[in-house]
Amino acid sequence: MVANLLKQHANVTIDKRPVRQFSTSAEPSVEVLPSLSGILTESEKKALAYAISDECMESNNWQTTQAGQVKDMEYNAEIFPRGFITELKKLIDNME
């Protein structure tokens, strides 16, 4: 009787997805990306720099999180997702 009660309340999930096989002999690969310098104009670079500036954040009542997210301070709503600020900083630094 106890076994039947346990069976009724058991939640069993069977994952039938194939198991990914990893090759242990594969050499690590390195991908070289082209330089971003020369892709954007000076005005485009300035616009990106302004988008993540303290001045822009203050004038729009936004704040940034440690995760690089931009949020509206009044409504605590997400304006730009996590990684937005951090990635733009990387791009701008790579263009100089």
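In this text, all values refer to a predicted model and were calculated from it rather than measured experimentally. Note that these values count all heavy atoms, side chains included, but never hydrogens, waters or copies made by symmetry.
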Using distance only, find each side-chain donor-acceptor pair of residues 52-61 under 3.5 Å and give its atom names and separation, not counting sequence neighbours.
unit_1 : atom_1 : unit_2 : atom_2 : d
Ser53  : OG     : Tyr50  : O      : 2.8
Ser53  : OG     : Cys56  : N      : 3.1
Ser59  : OG     : Glu55  : O      : 3.2
Ser59  : OG     : Cys56  : O      : 3.2
Asn60  : ND2    : Cys56  : O      : 2.9

### Query
Does the side chain of Ile85 reach to within under 4.5 Å of the side chain of Gln69, using non-hydrogen atoms?
no
### Query
How about Val70 and Gln63: do any of their side-chain heavy atoms sit closer than 4.5 Å?
no
So how far is it from [X] [atom1] to [Y] [atom2], rounded to the nearest 0.5 Å?
X: Lys46; Y: Glu44; atom1: NZ; atom2: CD; result: 12.5 Å
X: Leu91; Y: Lys45; atom1: CG; atom2: NZ; result: 11.5 Å
X: Asp72; Y: Ile79; atom1: CG; atom2: CD1; result: 5.0 Å

